[in-house]
Amino acid sequence: NLHEAECYAKSQGKPLFIDFTGYACVNCRKMEDNIWPDSRVYQFLSEKYVVVSLYVDDKKELPAEQQVTDAQGRRVKTYGNVWSNIEADYYQQNSQPLYVLIDDDGKLLAPPRGYTPDAAKYADYLQKGLDVFEKRKAGTK
């Protein structure tokens with residue numbers, strides 16, 4: 001749940017790593033199997049960020065009272081619909097994987113990034129996001 005992850009990240013004083021993924025996403029599995037376990041990346045994901053994975057193809061139905069009609073007139077009936085709409089509305093993307101780094105105010109720490117098969121470049125991306133997060137935190141004290 002995105003809201004719960006945002007609250008937890010804030011309580012931990014960590015930035016949030018949003019993983020827009022899909023059950024049927026081949027490149028998502030490539031990242032999870034080959035890039036995330038790399039020691040340079042794993043340390044960030046396990047210690048420095050709170051990670052939430054949002055499955056845009058999740059078919060689990062929302063409770064009836066949470067089902068709405070989106071701006072395009074489509075009925076938002078599943079959790080996957082919710083995550084897909086957030087990805088499109090907030091980050092102007094509709095492909096997976098998409099990785100978004102945000103602070104505790106929901107502000108981007110770096111531009112969203114998709115499939116990145118180079119662990120060193122991916123670790124640099126995570127470091128840059130963390131650097132911005134730490135600068136922002138220092139500026140509010």
Side-chain angles (χ1 to χ4, degrees), residues 1-140:
N1 180 300
L2 182 57
H3 177 69
E4 290 173 7
E6 289 171 326
C7 292
Y8 182 74
K10 189 171 189 167
S11 76
Q12 298 300 304
K14 295 180 179 182
L16 184 62
F17 173 98
I18 305 172
D19 167 29
F20 288 99
T21 189
Y23 293 110
C25 175
V26 173
N27 284 340
C28 300
R29 299 301 84 76
K30 286 181 182 179
M31 290 293 292
E32 293 163 7
D33 292 343
N34 301 310
I35 303 301
W36 289 15
D38 182 279
S39 61
R40 296 165 289 191
V41 173
Y42 183 78
Q43 181 181 4
F44 285 108
L45 298 180
S46 65
E47 298 174 16
K48 306 293 184 185
Y49 285 88
V50 169
V51 177
V52 62
S53 295
L54 305 176
Y55 287 81
V56 300
D57 56 356
D58 186 343
K59 302 296 183 201
K60 183 177 177 189
E61 258 195 45
L62 290 164
E65 65 274 6
Q66 292 180 20
Q67 294 183 18
V68 297
T69 301
D70 68 14
Q72 291 75 37
R74 298 175 299 213
R75 191 78 177 150
V76 177
K77 298 188 291 186
T78 68
Y79 285 94
N81 294 149
V82 171
W83 310 140
S84 182
N85 282 354
I86 289 172
E87 181 184 18
D89 293 346
Y90 289 89
Y91 307 111
Q92 292 72 51
Q93 301 279 337
N94 195 21
S95 60
Q96 294 75 48
L98 183 69
Y99 306 108
V100 178
L101 310 176
I102 62 171
D103 66 15
D104 49 14
D105 289 324
K107 295 180 183 167
L108 287 175
L109 298 170
R113 177 168 283 205
Y115 179 67
T116 308
D118 182 313
K121 287 181 182 178
Y122 199 70
D124 286 345
Y125 167 69
L126 296 170
Q127 182 64 60
K128 287 176 185 171
L130 189 60
D131 291 345
V132 171
F133 180 77
E134 290 173 352
K135 284 180 188 173
R136 286 181 188 169
K137 268 180 79 171
T140 60

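Positions are given from 1, in the same order as the sequence printed here. None of the values given here were measured: they were computed from a predicted structure. FYI, side chains are in, hydrogens and waters are out, and symmetry mates aren't considered; it's all heavy atoms of this structure.
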For a quick test of reading the model, state the closest non-hydrogen atom pair linking [X] to [Y] and the distance between them.
| X | Y | answer |
| --- | --- | --- |
| Met31 | Pro37 | O-CD, 4.2 Å |
| Leu62 | Gln66 | CD2-OE1, 3.7 Å |
| Ser53 | Asp19 | OG-OD2, 2.8 Å |
| Pro112 | Val100 | CB-CG2, 4.0 Å |
| Val76 | Val82 | CG1-CG2, 3.7 Å |
| Asp57 | Ala24 | OD2-N, 3.1 Å |

Within this structure, what is the [atom1]-[atom2] distance for the pair [X] and [Y], rounded to the nearest 0.5 Å?
| X | Y | atom1 | atom2 | result |
| --- | --- | --- | --- | --- |
| Leu2 | Cys7 | CG | SG | 9.5 Å |
| Asp131 | Leu109 | CG | CG | 10.0 Å |
| Asn27 | Leu98 | CG | CG | 12.5 Å |
| Gln127 | Leu130 | CD | CG | 5.5 Å |

Non-neighbouring partners of [X] that pass side chain to side chain donor-acceptor pair (under 3.5 Å), sequence neighbours left out:
| X | value |
| --- | --- |
| Ser95 | none |
| Glu87 | Gln96 |
| Gln43 | none |
| Asp58 | none |

Between [Y] and [X], is there a side-chain heavy-atom distance shorter than 4.5 Å?
| X | Y | result |
| --- | --- | --- |
| Ile102 | Glu6 | yes |
| Pro15 | Leu101 | no |
| Ile86 | Leu54 | no |
| Tyr90 | Ile18 | no |

Judged by atom type as modelled, is there a donor-acceptor pair below 3.5 Å linking the side chain of [X] to the main-chain atoms of [Y]?
| X | Y | answer |
| --- | --- | --- |
| Tyr49 | Leu126 | yes |
| Lys30 | Tyr115 | no |
| Ser46 | Tyr42 | yes |

I need the full list of disulfide bond (SG atoms under 2.5 Å apart) pairs touching [range], with sequence neighbours left out, sorted by first then second residue.
| range | value |
| --- | --- |
| residues 51-96 | none |
| residues 66-129 | none |
| residues 15-81 | Cys25-Cys28 |

Not counting sequence neighbours, list each pair that qualifies as a salt bridge (Lys or Arg N to Asp or Glu O under 4.0 Å) and has a residue in [range].
| range | answer |
| --- | --- |
| residues 95-118 | Asp103-Arg136 |
| residues 31-45 | Arg29-Glu32, Asp38-Arg40 |
| residues 64-85 | Asp70-Arg74 |

By side chain to side chain contact (heavy atoms under 4.5 Å, CB included), Val50 pairs with (sequence neighbours left out) Tyr8, Ala9, Lys14, Leu16
Checking Phe17, Phe44, Tyr91 against Tyr99 for ring-ring contact (aromatic ring centres under 6.0 Å, His included), the one that qualifies is Phe17
Residue set satisfying ring pair (Phe, Tyr, Trp, His ring centres under 6.0 Å) with Tyr55, at least two apart, ordered chain then number -> Tyr23
Just by distance, no angles: are the side chains of Asn81 and Thr78 close enough, under 3.5 Å, to form a donor-acceptor pair?
yes
| task | Could you give me the CA-CA distance, side-chain angles and deciding distance for Lys48 and Phe133, then say whether side-chain contact (heavy atoms from CB on, under 4.5 Å) is met? | result | CA-CA 11 Å; Lys48 306 293 184 185; Phe133 180 77; over 6 Å; no
